[in-house]
Each structure stands twice: as C-alpha cells, then as structure tokens.
Amino acid sequence: MARETQENKTIRDERYDAHNVETKWYERFQQDPTLYAAEVNSTKPKYYVLEMLPYPSGVLHMGHVRNYAIGDALARYMWMNGYNVLHPMGWDSFGLPAENAAISNNTPPREWTLRNIGNMKAQMKRLGFAYDWDREVTTCFPDYYRWNQWFFLKFYERGLAYRKKSRVNWCPNCATVLANEQVLANGCCWRHEATPVEQRDLEQWFLRITSYAEELLRDLGKLEDWPEKVRTMQRNWIGCSAGVLIDFKLAPSGSLPQSATITVFTTRVDTIYGATSLQLAPEHPLVADLTASDPALRDQVERMLAEQRKAKELGDIGEIEKHGVNTGRFAINPYNGERVPIWVANYILMEYGTGAIMSVPAHDQRDYDFAKKYRLEVRPVIQPRPSSELASQVDFATSAFTPTDGVLVNSGPFTGLQCEEAIKKMAEYAQQHGFGKPTITYRLKDWGVSRQRYWGTPIPMLYCEKDGIIPVPEKDLPVVLPDKVEITLSGGSPLANLPEFLNTTCPKCGGAARRETDTMDTFVDSSWYFYRYADAHNQRAPFDSNTIDYWFPIDQYIGGVEHAILHLIYSRFWTKVMRDMGIIKNDEPVKRLFTQGMVIKDGAKMSKSLGNVVTPDTMVERFGADAARIYSLFAAPPDRDLDWKDSGIEGIQRFLGRVYRLFVRNISPSLGTSADPDGRRPSAEARQIQRKLHQTIKRVSDDFQGRWHFNTSISAVMELVNQLYAVEDEISKLPAKLVAQVEKSLVLMLAPFAPYLAHELWEMLGEEGSLLRAPWPTYDPELAKEEEIEIAVQVNGKLRARIIVAHDAGRDLVEQRALSHEKVKAALAGKEIVKVIVVPGKLVNVVVR
RNA sequence: GCGAAAGUGGCGGAAUUGGCAGACGCACCAGACUUAGGAUCUGGCGGGGAAACCCAUGGGGGUUCGAGUCCCCCCUUUCGCACCA
C-alpha cells in the first residue's frame, strides 16, 4: 500500500503541470515590477525591440500572441547577450470602435477602452511577455495626446498643417471622413465592407506630407533591413514621376477670358508635336466654363461624373470604357501654334497631375484607344531607329508606339533628336519661353487628419470672428477631451453640440471664439508613440532629445504587413519633421523591420462569422502560455502565414512535458558531485552528447542572428532532448560536469521561448542568479564537429552507397574507400571511369562511361 | 493587365553556399508497460516493387559530374498595384 502511494506520487511529480508552475512564476514575476525595466545611464550597448502597439479592442487574438512571442524571444535573447534592452508596450486607444461600443453597449468610450486595456494587459502578463510596463503609453490619456496637440501647433508654425476645403471620402455608416487609404478597392469603407463611400466637400485639416515626398522616397534606399516588399509598396504609394508642366492657351472665343490657360502634366513632352487633342477630367474647374453655353454638353459631363461615382462605388473604376465629349473649343499648342480640340474624358483623373493631359494617340496606348473610338488623328512623331528590333513591331494601325527608344520626326526644330535628349531640350525650351517648367509629380497626397468624431485628440485650433484661425497657445495645452458627451451616429462631431467645449475666448483679442471640433486621425498617435516610450513620464516635452539619441533608431520593429504603407509612412514623415524641428537627430525611426505572417485557421482568416476563432485565454488554460508561445513560433517560419491546429500545440505540450520529466529524473545530488573520470578520454556517448549540445547552441544562436526561423531553432532543441532520451539509461555514467552543462544550456536556450518552464528548471538546477540576465550559452566549433561522417557515393549522380570516414579523412582515402565499396564496384562493372569528384565531407561522385 | 512571393509526404514544415530530399512536429500503424489509456516509452511511416532496384520537390525544357536550389517557358495560389499622363 505504501509502495503504491509512493509510485503514484512519483508519476504525479514527473508529470509537468503547466498550470501550477506558470501560476507560481506568474506571481513571482508580478512581485518585481522592475524585472523587465530598461536601464537608465547604462554602459551596455542598447537594443530597442518593439512590437506594433495594439488597438484595445477587447481581447488579444492569436495574431497578437505570435507578434509578441517573436519580439519577446528576441528581447530575452538580447538581454542574455548583455544588451540594455528597451521592450515597451502601449495602447493605440483612440478610435472609432470605442464610439460604436458606446452606442451599442451604452458604455462611455473611455470606460470601454480602459476596461479592454485592463483585460488585454492581464492577458499579456499571463502570457509572460517581458514588457517594461513603467513606460506604458496610452494614447487616449491627456499626458500623451497633449503632445499630439503640441506637435500639431509646431507643424502649423512650420506651414505643415493647413486647412482647405476638399472633396473627401465620407462613410455614411461611420459618419466620418475616411482617408484614401481607408477606402477599399471596391469603393467601400474599410470598417463597413458593404457601405459605399460617398464624396463630400468639407473644410479639413491637412498635414503637408507631400513636402517630404522626395525624401521619403529617397531614404527608402537607406532602409536596407526592411523587407523589399514593404519598400516597393511605399515606393508605389509615393509614386514619383518626372515630367513637364505645359501651358496651353485657349483659342479666343466667346466669353472666356483670353488669358485662360490649361496646364497639362506630361512625362513625354518629346511627343507634343503629336498631340491631337487636350483631355480634361470631368471635375476640372474649367469644364464648367467651357460647357456653360451648351446645356446639352453640360448634361453629358454631368452624366460622366455620375457614372464615375457609381463605378467608384462598385470598385469598377479602371474598367469602365474610355469615353468623352468634344467641347468644341480649342487650345493652342505652344510649340507649333496648332489649334487642338479640347475634350472632356472619363479616364482623366482630377487627383493626379493637373487633371488635364495632352493626348498623343500615336505614343500612348490609352490615348490611342480613345482616338480610335472617336476617329481622332494618330500622328506619329517618334520613330524607332531602323536598326532597332523595335522597328519591325511598329504598326500604327493596331497600337501606339510607346518606348522612348526612338528619334523625333515631324517635330519642328527638334526633329532628329533622340527621345531622352528631346525631353530635356524641349523642357528647357518651354521654360525659356515661359510656357512650362520641369516638375516632379507624386501620387502621394497630403494627409487629411480631420475626423468628425469624438474619441480622438482634439485639434488645438480656435476660430475667432475677428482674428480668424488662431492656434491654442502652448500654455493652454492640453485641450482636454470632455468626458460627458452624447454619442450618435449622425454626421458631425459630438463636440460641436457641447457649448462648454465649443465656446471659448480668443487669446489674441479676448473676444468670443469657437473651438475646432474635429479630432485627429489616430494614425497621428501611432506616428511617434515609440519616441514617448524612451521618456514616458516627461511633463515638459514629448521626450528628452538626449534620451532619444541613445535609444534611436529602433533596432527591430515587428508587426503585420498591413501597416506597410500608412503607419510606416506617417511614422517616417513624423520623424523627418521632428528632425527638422531639431528635437531628434535620426532621419529614420526604424532600422530593421520584420513583418510576420497572419495566423489563420483551416485556411481562412479567423473570424466570428466563420466560427474558427482560437483565443489565447483558451490556449493558456488548456496548454499553458509557454506551449501557446512556442507553437506560434514552431508551426511556421515567422514571416509566413500560420495555420493554427490544436493537435499541433498538443505536440508542444508533450515536448515541454518531456523536458520537464528529463530534468526531474536526472537531476540528483549524486550526479552533481560525482567526479569526472580522471585523465580518461570521455566515452563515445559523452562525446556524442557534447557534440550535439554544441551543434544545438550553434543552430539556435544562428537563427537568432540570421533568418529568425525559430521553427528550426525549436526543432534543434527537440533533437537535443530526443538524443538525451536515447541515452537516458546511461546518463548516470556520463561526466557530471557534462550533464550539468547540457542541462544548464538547455534551460538557457528554452528561456526566450518558454520562460515559465525555463524558470522552473533553472530553480531546480539550483541556479542562483536571474535567468533573465544569465549569459547565453556559447559553442565551440571544434566540439560541434562530427568525428566520423557519412559520405554519399554516387555513380553518375545516382546514390549507390554510403561510407563512413573520419571527418578529416583525405581525398585519396575517401576516394579509395568509395571505389572499393561492394555496391559501387557492382555499379562500375564493365564501365570506364571518366573522373571521380570528391567533395570533402559531403560525397563522392564517380563519372563513368 | 503589371509587379512580388510561394508551390516539397496524409498535414505544418526542414534541406542557410548547387552535393545523401523529407530534419522536427502532427496524424496514422505496430509493440511495450498496464485493470485501463485521450498517460508514457520503443519502433515504423513519400510512392511502386518479393527483391535488386525504379520513380518522386506544380508541369515542360536547359546548364552541370550533380538541381528542391541556377536559367528559359507554362500552370496554380496568395499578396500588392491597377486608366498615375
């Protein structure tokens, strides 16, 4: 009876109870709030690792867990390598969902947000993420957003914040303005995928990001440690093209002033002698004047506009057929004085360039298509050189000739020039004669930051009847967002209905003034939050510049590729403005960027409607935080999508149990004290274990320093554990020092991935110091080398045999051994050996005829 | 349409520089221990074949002594851009 109890106890003790162990260490970790704190005035090299801050939507999802598991492993690894690590976390806590929740749950946005932050923070702590919570940034707190306002004033002073009436994307469901980026390809709202976005004209605040377009584009070249994909996306987004603006004067007629001109933007001024019409966007300001005297024309343009709007809503823009109307008016080509007809066409975008183009059907495919439809003249002015292979392909009966590899014809004084040269000369000519100038046009638009919503940073501006637009004086910041408001879905900001917020006095004249009621786009919050982490409690400034010098740029930023454009361009913009303000020195915020893949389930994105949502809480409860973390790193390389499978995490749970059991069974005082056999060469088994250990340390270390394929790091550790199991019966015969070294190294290697189990084992090993700062194990390349290696022997590239030789066996010996192998001899019978290729350490290939 | 990435067992994936394809894990099969096993341990596990061997990294060509890896063409999937003058 007593014996049975003893056995039961042993079995129970060998089984790893993740829940108990994790709870125990969770409580210990909570007792020391400085556990993960970055050092101030440290002499160590710094390392700033950052994961994108979450929106506090309510609960963490597996995508967060994966993102943070990557960053946490890296932070812990860097700590163990002696770095002063900054690893902070915060909350992107302004934004629309809080208002939606307010309406549907009747909970104030602030309360809802703070409750979610509480939940998610608890989840993060339970998952064991090593954040310096003392530096937590919550963007909806006045001590943070007051600096948004401060920056806004600075931007305004520098002419980088301005107000203009503009046609904006309006989501009737959100009842707010959307940035272009927030409009989906199908013309619907990014939050309401079935709600078509409308166009409205409103006074809006803009940030002049276009002033930095050139630098934002150029400096992409510096971001060598960013994924090429992200750089390409940003490059396309900024969309630079060099060309010339050319003024076409209107041919005199009717009521239009003779001085009126139409400016077109072109990258191919060399083709201008082939221009056979001008094409205006339907929204072009001159269109109204041009069509004023002709109601039928007016009508056609109106229909075109309506059709475009509809196409935009349906997402078919770009697919509607090109068509247009002839206004019956003419403009003068400044190069040759020719009269060209002015058309209005649906394929001309008002948002790009000047909203007007010169149409050269012979040398632009779109113009060609249009010209064919309306039987406009196709007039070639570029010819390929007769020697060029392009020459045979030219056929103006079927398509335009668009390459710049050619020579000008029928182009007045420019005839005979090569395209590239002509572009340069003709631009100069236009400038000299005052009807044009070289220009660079960007696709990038200024950043509209106004939102007609409540839950955001109030824009610190006032409107005085006498003095006009007046910035709130710095000393009056923050403009605090009032708590008591009624939130509705109707248009306009709820702040506009709040007299105590709205009405104030003008700081200039003392008279009555009205506050701006728009709030800022939340991308403002996330454009500079990572600077605040470096100096989170500063009351006098957004941060101290010297502190920023120490920590920046961020060494490693980790997040989803969905932020490749917006957040990461706005952040780069903000950094450059702050540099120009003189408060920071770095040109770029982020040195190295990593974009992790999505977590999916059954091949689809997790979503409530599909019922395939896996929640971190459930996983922690069933398998433990360590298992959830390791699985999210093990199931796929971090940059690829990860298909979540519960059976997979069970495998990790088993692995952790195996590690634990190994330690429980094989840690004993006798092992720790038994002396090594003196002067004797270690046994083959001992050498083998030692070799495996050094190989494992190498593999895991290499993965951290290189590709971040933690799936292979973890499998390396699994292999080590498997090998220890394979010799488990013999472990007591191995040198105690080696066993201790293997066990200690194993714990150290687990520490970045499974901090809870690692701490438990560390304690079991009787280690004194903190595991968090314990030095990462090192390997000896000599000890990692195999003593004997298997060499593949091929005959004509086909595997025929394997031989085992000493790792340092010479070529001749290897060749001789290979050729004397029975199977090889058989394969060589009756053949003539042409040559023998020996790749040391790898294989022998015998080439025969 | 343009651009990028990817395509390897039943599944997730490994093979970092051209050198033994399938590490590690899941699932599955067999065995051991057991009153029991949804615990644990051991072994097996790409396909064909009795075996020798043969076939196999989306398909087809090529370079090479040797190709998952390099080159060309095609197919599929995912992502980004999409009248940008």
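Protein chains get the first letters and strands the later ones, always in sequence-line order, with residue 1 at the start of each.
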Roughly, in whole Å, what's the span from [atom1] in [X] to [atom2] in [N]?
| X | N | atom1 | atom2 | answer |
| --- | --- | --- | --- | --- |
| A/Leu843 | B/A15 | CG | C1' | 14 Å |
| A/Gln695 | B/A23 | CD | P | 17 Å |
| A/Lys229 | B/A4 | NZ | P | 12 Å |
| A/Trp343 | B/C83 | CH2 | P | 22 Å |
| A/Ile714 | B/C26 | CD1 | P | 14 Å |
| A/Met598 | B/A5 | CE | P | 19 Å |
| A/Arg661 | B/A39 | CZ | C1' | 9 Å |
| A/Asp639 | B/G13 | CG | P | 11 Å |

Among [options], which is the nearest nucleotide to the side chain of [X]?
| X | options | value |
| --- | --- | --- |
| A/Ile837 | B/A85, B/C65, B/C41 | B/C65 |
| A/Gln794 | B/A85, B/G19, B/U40 | B/G19 |
| A/Trp237 | B/A85, B/G19, B/C81 | B/C81 |
| A/Glu719 | B/A23, B/G19, B/G13 | B/A23 |
| A/Phe634 | B/G80, B/G12, B/C83 | B/G12 |
| A/Phe265 | B/C26, B/C24, B/A85 | B/A85 |

Would you mind classifying the nucleic acid contact of [X] as base, sugar-phosphate or nothing, using non-hydrogen atoms under 4.0 angstrom?
| X | result |
| --- | --- |
| A/Glu790 | base |
| A/Thr232 | nothing |
| A/Gly651 | sugar-phosphate |
| A/Ile348 | base |

Whole-Å [atom1] distance, [N] and [M]:
| N | M | atom1 | result |
| --- | --- | --- | --- |
| B/C2 | B/A21 | P | 38 Å |
| B/A30 | B/C65 | P | 49 Å |
| B/G19 | B/A67 | P | 11 Å |
| B/G68 | B/A56 | C1' | 11 Å |
| B/G46 | B/A23 | P | 8 Å |
| B/A5 | B/C70 | P | 11 Å |
| B/C33 | B/A51 | P | 30 Å |
| B/G22 | B/C28 | P | 24 Å |

Is it the case that [X] and [Y] place a side-chain donor and acceptor less than 3.5 Å from each other?
| X | Y | result |
| --- | --- | --- |
| A/Tyr347 | A/Asp367 | yes |
| A/Asp247 | A/Thr261 | no |
| A/Arg658 | A/Asn722 | yes |

Dot-bracket for RNA chain B, 5' to 3', with Watson-Crick and G-U pairs under 3.5 Å, [ ] for crossing pairs and | for other-strand pairs: what is it? (((((((..(((......[....))).(((((.......))))).(((....)))..(((((..]....))))))))))))....
Between the base of B/C11 and the side chain of A/Lys645, is there any donor-acceptor pair under 3.5 Å? no
Relative to each other, are the rings of A/Tyr352 and A/Phe265 parallel, tilted or perpendicular (30° and 60° limits)? perpendicular
Hey, which of these two, A/Met233 or A/Met718, hits RNA chain B nearer its 5' end, going by closest nucleotide?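 Checking each residue's closest nucleotide, the 5'-ward one belongs to A/Met718.
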Residue pair A/Asn722/A/Asp364 against RNA chain B: nearer the 5' end by closest nucleotide is A/Asn722
N or O in side chain of [X] less than 4.0 angstrom from [N] OP1/OP2:
| X | N | result |
| --- | --- | --- |
| A/Arg849 | B/C65 | no |
| A/Arg654 | B/A27 | yes |
| A/Asn711 | B/A14 | yes |
| A/Arg658 | B/A39 | no |
| A/Arg235 | B/G3 | no |
| A/Lys823 | B/C53 | yes |
| A/Thr354 | B/A85 | no |
| A/Arg800 | B/C54 | yes |
| A/Lys798 | B/C55 | yes |
| A/Asn236 | B/A4 | no |
| A/Arg707 | B/A15 | yes |

Does a side-chain heavy-atom distance below 4.5 Å link [X] with [Y]?
| X | Y | value |
| --- | --- | --- |
| A/Leu746 | A/Phe663 | yes |
| A/His563 | A/Val230 | no |
| A/Ile238 | A/Glu214 | no |

Would you mind calling B/G49 syn or anti? Take O4'-C1'-N9-C4 for purines or O4'-C1'-N1-C2 for pyrimidines, and syn is within 90° of 0. anti
Would you give the length of the straight line joining atom [atom1] of [X] to atom [atom2] of [Y], rounded to the nearest 0.5 angstrom?
| X | Y | atom1 | atom2 | answer |
| --- | --- | --- | --- | --- |
| A/Arg811 | A/Ile837 | CZ | CD1 | 10.0 Å |
| A/Met598 | A/Leu642 | CE | CG | 11.0 Å |
| A/Asn346 | A/Met304 | CG | CE | 5.5 Å |

Give a yes or no answer on whether the side chain of A/Tyr368 reaches the backbone of A/Thr398 with a donor-acceptor pair at less than 3.5 Å.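 Yes; judged by distance alone, with no hydrogens or angles, the pair exists.
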Side chain to side chain contact (heavy atoms under 4.5 Å, CB included) between A/Tyr631 and A/Lys645: does it pass, once the steps are laid out? CA-CA 9 Å; A/Tyr631 180 66; A/Lys645 290 222 163 49; 3.8 Å; yes
At under 4.0 Å between heavy atoms, how does the protein contact nucleotides 28-33 of chain B? Give one character per nucleotide, 5' to 3', with B, S or -. ------
Between A/Phe704 and A/Phe753, does the ring centre distance come in under 6.0 Å? yes
For atom NZ of A/Lys322, decide whether the heavy atoms of other residues, nucleotides or ligands shown that lie under 6.0 angstrom number more than 12. yes
